Amino acid sequence: SSRLPLVLNTWSFKNATEAAWQTLASGGSAVDAVENGCAVCETEQCDGSVGFGGNPDELGETTLDAMIMDGTAMDVGAVGDLRRIKNAIGVARKILEHTTHSLLVGESATKFAESMGFTSEDLSTNTSKALHSNWLAQNCQPNYWRKVIPDPSKYCGPYKPPDVLKQGTSAYKEVDIHGHD
Amino acid sequence: TIGMVVIDKLRHTAAGTSTNGLKFKIPGRVGDSPIPGSGAYADDMAGAAAATGDGDILLRFLPSYQAVEYMRKGDDPTIACQKVISRMKKYFPEFFGAVICANVTGSYGAACNKLPTFTQFSFMVYNSLQNQPTTEKVDCI
């Protein structure tokens, strides 16, 4: 226990670690530290995989997922497919603090965030727009579809299921390690 | 994605994640990050863990919950993380993923699944034995 307190986080996101540590040092709780640490990554767009302006979906929109868990109370707040709100971990904290639910998603989560005082704004940037344009120019490759027509390994959608289902398509497709959850 | 685990001096645990998910995902897709027990998990009675990688695979195994359960049974955090990775690897040898684990005494560890393009995993540590955040690396298994 002499090694406590401890802050541990995935990847080399140093400023997030520092922010969490400083939160503890200034008297904040472990939950406060997680919130502030993750929030720094959202602001800094850590390696493009956190926060606004990164990893757009097929339609070019950046959406955010976040979760925070209090291991003392076993309480959780989480948000999935959050649209137009930059501070996803902040919204997750509000769900933890102000509801008895655990997970809110999509457009309704955005409405909840707005009611909690978060600003709604476009999450796309020139970078995310360029990523999306390049993907479209490359016939929407790679993508996550299978067993649909037109052939998703060659063409963009819209896709639909075929009349006869082909067997043998792998259920797993290796992902780009630079775009991670 | 960032996954974070914090344990304070009083052994209070917390964990969290934040991500914008996979590039060019099908709209509406959500990965492991917002799923308790998958993206992260914390329990003051044992420890905390967080996962990162391909959320479509990770969320099927609740790796963070499983790692905390291994630590509850007495496994060292590194062993707990490795066991979780090994379990997923049995089903998906080529999956992309890593897990960080910490127990309530302040011991910590990490593990990742070795791929041709992913042989080491970097993570950050800051504890009372250090005066600054430190990057540590583990060799994937």
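Given the structure is predicted, the values throughout are model-derived calculations rather than measurements. Letters A, B, ... are given to chains in the order of the sequence lines, protein chains preceding strands, and every chain is numbered from 1.
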Heavy-atom pairs under 4.5 Å with chain A are the metric here; pick the option from [options] that has the most.
options                             : value
B:Gly55, B:Ser18, B:Gly39, B:Cys101 : B:Ser18
B:Pro34, B:Ala98, B:Gly16           : B:Pro34
B:Ala46, B:Pro36, B:Pro133, B:Gly47 : B:Pro133
B:Asp8, B:Ile2, B:Leu10, B:Thr13    : B:Ile2

Rounded distance (nearest 0.5 Å) linking atom [atom1] of [X] with atom [atom2] of [Y]:
X        : Y        : atom1 : atom2 : result
A:Leu4   : B:Asn127 : CG    : CG    : 8.0 Å
B:Asn20  : A:Cys46  : CG    : SG    : 10.5 Å
B:Gln130 : A:Thr17  : CD    : OG1   : 10.5 Å
A:Leu24  : B:Ser128 : CG    : OG    : 11.0 Å
B:Lys23  : A:Glu58  : NZ    : CD    : 14.5 Å
B:Asn103 : A:Leu6   : CG    : CG    : 9.0 Å

For the candidates [options], which exhibits the highest count of non-hydrogen atom pairs separated by less than 4.5 Å from chain B?
options                            : answer
A:Gly54, A:Ala39, A:Ala16          : A:Gly54
A:Ala33, A:Cys41, A:Ala88, A:Pro56 : A:Pro56
A:Gly48, A:Ser128, A:Gly157        : A:Gly48

Side chain, backbone, both or neither: which part of [X] has a non-hydrogen atom closer than 4.5 Å to chain A?
X        : value
B:Phe121 : side chain
B:Ala40  : both
B:Thr134 : neither

**OP:** Please check if the side chain of A:Asp181 supplies one atom and the backbone of B:Thr52 the other of a donor-acceptor pair under 3.5 Å.
**Re:** no
**OP:** Check whether A:Glu18 gets within reach of chain B through its side chain, its backbone, both or neither, counting any heavy atom under 4.5 Å.
**Re:** both
Original post:
With a 4.5 angstrom heavy-atom cut-off, which part of A:Thr62 approaches chain B: side chain, backbone, both or neither?
Top reply: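 Side chain only.
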**OP:** For A:Val34 and B:Met4, work out which heavy atoms get closest and say how close.
**Re:**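 Taking A:Val34 first and B:Met4 second, the nearest heavy atoms are CA-SD, 3.8 Å.
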Report yes if the side chains of [X] and [Y] come closer than 4.5 Å at any heavy-atom pair, otherwise no.
X       : Y        : result
B:Arg29 : A:Tyr144 : no
A:Arg3  : B:Ser107 : yes
B:Thr19 : A:Val50  : no
B:Phe24 : A:Cys140 : no

Hydrophobic cluster membership, [X] vs [Y], 4.5 Å side-chain cutoff:
X        : Y        : result
B:Tyr41  : B:Val5   : no
B:Ile57  : B:Tyr91  : yes
B:Val104 : B:Ile79  : no
A:Val31  : A:Met116 : no
B:Met124 : B:Val99  : no

**OP:** Examine the side chains of B:Ser122 and A:Trp11 and answer whether a donor and an acceptor come within less than 3.5 Å of each other.
**Re:** no
Does atom [atom1] of [X] have more than 12 heavy-atom neighbours, drawn from other residues, nucleotides or ligands, at distances under 6.0 Å?
X        : atom1 : answer
A:Lys14  : NZ    : no
A:Phe112 : CZ    : yes
A:Asn126 : CG    : no
A:His98  : NE2   : yes

Subject >> Mutual orientation of the aromatic rings belonging to B:Phe96 and A:His180 [parallel < 30°, tilted 30-60°, perpendicular > 60°] >> reply: perpendicular
Subject >> side chain to side chain contact (heavy atoms under 4.5 Å, CB included) partner of A:Leu8, chosen from B:Ile7, B:Val6, B:Val125 >> reply: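 Of B:Ile7, B:Val6, B:Val125, side chain to side chain contact (heavy atoms under 4.5 Å, CB included) with A:Leu8 is met by B:Val125 alone.
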Original post:
Residues of residues 63-85 of chain A under 4.5 Å from chain B (heavy atom pairs)?
Top reply: A:Thr63, A:Leu64, A:Asp65, A:Ala66, A:Met67, A:Ile68, A:Met69, A:Asp70, A:Gly71, A:Thr72, A:Met74, A:Val76, A:Ala78, A:Val79, A:Gly80, A:Asp81
